[in-house]
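Okay, so here's the structure we're looking at.
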2 protein chains.
Amino acid sequence: MTAGGYLKGRIRREDIITAAATAYAEAGYQGSSLREIAKRVGISHAGLLYHFPTKEALLAAVLERRDAEDAEREQLAAPPGLAVLRHFVALAEHNVRHPGIVDLYTRLAAEAVAADHPAHEYFERHYRIARENVLRSFQALAANGELRPGVDPHAAALTFIALMDGLQVQWLTTPDEVDLVGSLRFYLSTLLTVPLD
Amino acid sequence: MTAGGYLKGRIRREDIITAAATAYAEAGYQGSSLREIAKRVGISHAGLLYHFPTKEALLAAVLERRDAEDAEREQLAAPPGLAVLRHFVALAEHNVRHPGIVDLYTRLAAEAVAADHPAHEYFERHYRIARENVLRSFQALAANGELRPGVDPHAAALTFIALMDGLQVQWLTTPDEVDLVGSLRFYLSTLLTVPLD
DNA sequence: CCTACCGATCGGTAGG
DNA sequence: CCTACCGATCGGTAGG
């Protein structure tokens, strides 16, 4: 129970979360066993359960860390408008270099459409926040005349988020035939009256 | 081994495929056990394996029937152009009334991003065919001046398919906040110079 | 953190 | 098609 002990415990917990995220990305949450995750860290599955009392608690920790990383990357949230859309494009560029994140997100999102999945509420909230965030930006752009006339900000926001998700699945399945970032830019160019950058 | 015996076997096989499709939609392929599927049909899991020798063989049968149903609905493939896009919108209208189909497709597609998943090649082919089909239509529209100037048919085709998939995940997760058909129509209206219908 | 164990469930097979 | 079984694996617990 020394300070060193606490530190070691925290590091070990982080290692377990990292291993779990990798496993979920490859095999989904249901498809990943505690024994498999524990083996990646070099402990027994009972040892893992010393740090996380249940399988669900480990999933919750993975999702929490993902949120924390996202929040960190967004830094001090950009004001609604072009900057937010650029941020999403930058996120896509980041994801292309880190396919594991896309894998994790895509696998979990599809599992979590089931109402009784432990990550279901997480993704409900995730989608709602993402839509609201993008909606405010499209509304700001509309006010500035930077949105093509006749484009409904709500429809633009909803389809923009959906496009990101759909592109990711298709990109993971056939990486050579899908330009993730280019497709996003293409879509935004059809909606805006100004260049993205 | 009478004709009646054959018929009964065929019906039983169809019942099993139906039960499997429902189970996959709710829990994914990996998450569905042969015992659970067999119970829905009222036989033992060993009895199921009499009709389908392995778990993978049953998945293959489910995918084959889905293709057959799709082919039937398309009837005598429409010529490239507006008619094909209308067909996709009609498909979305059909899917909204049959969420189980969307569930099945979404769950399996996400599982199958893994290269060693038994449905991986199926979805590779599925995406390629879908993209080529839509691409030909956007090219035909471009030739008629019905595509907005500056819109690349390839980018339009890729994003259109991706949008359909992404909308489906979001619709399944938060059904009340996603207008599947309206969003598709919105997107097409931003690409075309003519009304869809 | 570990070893050892629990009851439950898995896909598949044997033998009828 | 069934009963009965196989070896493997699962999440979680006991007891240290």
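Just so we're on the same page: letters track the sequence lines, and every chain starts at 1. Keep in mind it's a predicted model, so treat the numbers as computed, not measured.
Taking the six-membered ring wherever Trp is involved, the centroid distance between the rings of B:F123 and B:H117 does not fall below 6.0 Å.
When rounded to the nearest whole Å, the span between OH of A:Y50 and P of C:dT3 equals 16 Å. Atom P of nucleotide D:dC1 and atom CG of B:L48 are separated by 10 Å, given to the nearest angstrom.
Looking only at atom types and distance, the side chain of B:T18 has a donor-acceptor partner in the side chain of B:R65 under 3.5 Å away.
Pair assignment for C:dG16: D:dC1, on the basis of Watson-Crick or G-U wobble contacts that are both within less than 3.5 Å.
Ring geometry for B:F138 against B:F160 counts as perpendicular: the plane angle is over 60°, on a 0 to 90° scale with 30° as the lower cut. Ring geometry for A:Y29 against A:Y24 counts as perpendicular: the plane angle is over 60°, on a 0 to 90° scale with 30° as the lower cut.
No more than 12 heavy atoms of other residues, nucleotides or ligands shown are found within 6.0 angstrom of CD on A:E121.
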What string of B, S and - do you get for nucleotides 4-16 of chain D 5' to 3' if you count protein non-hydrogen atoms under 4.0 Å?
-B----BBBB---

